[in-house]
Amino acid sequence: MRVMKFGGSSVGDPARVSNLCDIVRAALPLRPVVVVSAASKVTDMLLTAARKAADGTVDDAAIVARVTGLLRAFDLPDALVAQELSGLHDALRAIAAGREATVALTDLVASYGERVSVRFIAAALSARGVPATAHDAYDVGMVTDDHFGAADVVTEAEGLLAERVTALAMRDEVPVVTGFIGKTRDGRVTTLGRGGSDYSAALVGAAIGSDEIEIWTDVPGVMSSDPRVVAEAHTIPALSFDEAAELAYFGAKVLHPKTIHPAVRRGIPVRVKNTFEPAHPGTVITSRGDLGARGARAIAHKRGIAVVNVVSTRMLLAHGFLARIFEVFARHRVVVDLVATSEVSVSCTVDRDDHLDAALDELRAIGDVTVSRHKTLVCVIAAGLLQDASVCPRIFAALGREDIAVELLSMGASAINVSLVVGGDDGERAVQALHRELFQERAS
Ligand code: ADP
Ligand code: ASP
Ligand code: MG
């Protein structure tokens with residue numbers, strides 16, 4: 001069996017949906033299970049509608065227009081998704097009535113993007129002669145915890161998915177399953193976090209023992225940098241699970257950071273391919289990666305990072321200083337990425353602001369706290385970093401030439417990455433300068 005996941009741009013445009021149908025048809029001998037995202041922009045539109053509903057305005061007109069536009073391009077009737085669109089309308093009205101977009105209602109609203117998408121794609125496939133059926137992931141075993149907005153599967157999910165999805169794949173119709181969403185044991189709809197359809201696909205793939213997990217997107221594989229920032233970025237033919245995990249974690253949107261975990265657990269290769277260029281081999285991610293690789297491999301970046309500094313001369317030489325700080329972060333579910341310490345201070349980066357203020361109030365009892373926001377974290381992935389003395393001097397030389405100051409630095413934690421924080425306005429320039437230094441100039 002073969003899991004094939006198609007992202008938002010692959011299901012959000014008629015020409016691309018036609019490619020999708022051809023790609024799935026060609027894979028029929030492999031018994032494909034298709035996982036799809038919401039059409040591009042639809043999740044953003046749904047979240048905006050949820051926020052507007054909290055202010056009392058129920059407005060789903062743009063979403064309905066986007067969805068029916070896609071259906072009509074394939075001569076499919078609006079009735080195909082009438083139930084979903086009316087469910088969405090009711091959910092928005094419930095938010096408006098309570099004047100609050102609770103996390104649970106927001107997830108319910110967001111879920112309709114994928115729920116509409118499976119029905120559209122299954123019908124488009126069937127109309128193109130590839131019989132297919134639509135399934136909401138929670139009906140085929142995607143049971144999650146109740147951490148709305150960033151839910152994770154519970155232990156029984158793998159067995160349920162294995163049993164139910166395998167049974168569907170054995171039929172003569174291609175199952176098309178929603179990415180991104182699940183349900184709690186007591187039946188409330190959840191989402192796995194933005195970009196989470198990749199993770200859904202990996203969970204399904206691991207459960208059914210897919211021979212490969214295919215992620216079809218709008219770029220030809222995992223590239224040396226985000227091609228939207230670096231026009232010269234190139235495809236990396238083979239990556240290790242470790243390299244891909246670091247890249248995804250530090251901002252390469254092409255893969256959701258959790259995608260790798262189920263694949264590693266079951267030793268299943270993940271392949272990233274371009275729906276608009278199906279013949280391109282893309283990137284294959286395996287446990288061995290590219291054994292011959294040397295030097296820099298890729299540069300990832302993440303915007304909107306906050307750096308928190310805690311200074312406490314009272315804590316000079318005291319043990320337990322770090323433990324107290326991290327205990328506060330842990331209780332407030334704030335994820336810390338990079339850490340640098342001196343004798344009396346700790347600096348760390350966090351990438352979400354939502355629970356930060358409450359944590360900061362508690363940290364003020366430990367020391368003087370300052371926060372600088374809107375920073376960019378840049379991460380260079382390189383093979384054999386600890387043995388290769390040339391990578392770091394080149395990083396600093398490239399940033400120095402551009403007069404870009406480094407505000408925080410971390411290296412050594414994984415032997416394959418150097419991470420640094422620069423001012424938000426310098427972020428893209430830093431990535432471009434590093435890409436020139438580490439890839440282009442060496443090649444020329
Ligand atoms: P999908 O909707 O298919 O899931 P995403 O928008 O989530 O697609 O991810 C694909 C995008 O990821 C690309 O269009 C690209 O701009 C961005 N991206 C960021 N870093 C990288 C990278 N290193 N390699 C490839 N794409 C990247
Ligand atoms: N539709 C969801 C999002 O936009 C999930 C995904 O695309 O992977 O975040
Ligand atoms: Mg994505």
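Counting convention: from 1, in listed order, for ligands and their atoms alike. Numbers for residues simply follow the sequence, beginning at 1.
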>> Checking side-chain polar atoms at under 3.5 Å, does H280 have a donor or acceptor matched by the opposite partner on N274?
In response: no
>> Suppose we measure from atom 3 (C) of ligand 2 to each protein heavy atom; which comes out shortest, and what is that distance?
In response: R194 NE, 3.4 Å
>> Quick check on contacts: which atoms of ligand 2 are under 4.0 angstrom from a heavy atom of T43?
In response: 1 (N), 2 (C), 3 (C), 4 (O)
> Should K5 be counted as touching ligand 2, given the test is an N or O pair under 3.5 Å?
Replying inline: no
> Hey, does F6 have a side-chain heavy atom less than 4.5 Å from the side chain of V24?
Replying inline: yes
>> With no hydrogens and no angle check, just 3.5 Å: does a side-chain donor-acceptor pair link H147 and T190?
In response: no
>> Do N417 and S419 pair up side chain to side chain, a donor and an acceptor below 3.5 Å, judged on atom types alone?
In response: yes
> If you draw a 6.0 Å radius around CG in D44, do more than 12 non-hydrogen atoms from other residues or ligands fall strictly inside?
Replying inline: yes
>> I need the S410 OG to L377 CG distance, nearest 0.5 Å.
In response: 9.0 Å
> Can you tell me which residue and heavy atom of the protein come closest to atom 8 (O) of ligand 1, and the distance to 0.1 Å?
Replying inline: T217 OG1, 3.2 Å
> If you count the atoms of ligand 2 from 1 in the order shown, which ones are under 4.0 Å from a heavy atom of E114?
Replying inline: 1 (N), 2 (C), 5 (C)
>> To check your reading of the model: name the closest protein heavy atom to atom 6 (C) of ligand 2, its residue, and the distance in Å.
In response: S197 OG, 3.4 Å
>> Under 4.0 Å, counting heavy atoms only: does H256 come that close to any atom of ligand 2?
In response: no
> How far is atom 7 (O) of ligand 2 from its nearest protein heavy atom, and which residue and atom name does that atom have?
Replying inline: S37 OG, 3.4 Å
> Using heavy atoms and a threshold below 4.0 Å, how should the contact between V219 and ligand 1 be classified: side chain, backbone, both, or neither?
Replying inline: side chain
> Backbone, side chain, both or neither: what part of S225 comes under 4.0 angstrom of ligand 1, heavy atoms only?
Replying inline: backbone
> Nearest protein heavy-atom contact for atom 12 (O) of ligand 1: which residue, which atom, what distance?
Replying inline: V254 N, 3.4 Å
> At a 4.0 Å cut-off, with the gap strictly under it, does some heavy atom of G221 reach an atom of ligand 1?
Replying inline: yes
> If you measure from atom 18 (N) of ligand 1 to every heavy atom of L255, T275, D226, V229, which option wins on shortest distance?
Replying inline: D226
> Which protein heavy atom lies closest to atom 13 (C) of ligand 1, and at what distance to 0.1 Å?
Replying inline: D218 OD1, 3.5 Å
> Minimum heavy-atom separation for P32 to M4, with atom names?
Replying inline: CB-SD, 3.7 Å
> Is the shortest N/O to N/O distance between L247 and ligand 1 below 3.5 Å?
Replying inline: no
> Taking atom types as modelled, is there a side-chain donor on R266 or S210 under 3.5 Å from an acceptor on the other?
Replying inline: no
>> Among all the protein's non-hydrogen atoms, which is closest to atom 23 (N) of ligand 1, and how far away is it?
In response: M223 O, 3.0 Å
> Starting from atom 2 (O) of ligand 1, which protein heavy atom do you reach first, and at what distance in Å?
Replying inline: G8 N, 3.0 Å
> Taking atom types as modelled, is there a side-chain donor on H435 or E232 under 3.5 Å from an acceptor on the other?
Replying inline: no
> In ligand 1, which numbered atoms sit nearer than 4.0 Å to a non-hydrogen atom of V222?
Replying inline: 24 (N)
> Does S37 come within less than 4.0 Å of ligand 1, judged by its heavy atoms?
Replying inline: no
> Is the closest N or O pair between A252 and ligand 1 shorter than 3.5 Å?
Replying inline: no
>> Just by distance, no angles: are the side chains of D186 and T184 close enough, under 3.5 Å, to form a donor-acceptor pair?
In response: yes
>> If only side-chain N and O atoms count, and only distance matters, is there a donor-acceptor pair under 3.5 Å linking S240 with D242?
In response: no
> Nearest heavy atom to atom 4 (O) of ligand 1: which of H234, H256, K5, K253 does it belong to?
Replying inline: K5
>> Within the 3.5 Å criterion, strictly below it, is a donor on T178 or D136 matched to an acceptor on the partner's side chain?
In response: no
> Is G196 near ligand 2, meaning one of its heavy atoms is under 4.0 Å from it?
Replying inline: yes
> Do H135 and T133 have a side chain donor and acceptor closer than 3.5 Å?
Replying inline: yes
>> So is G195 touching ligand 2 or not, going by heavy atoms under 4.0 Å?
In response: yes
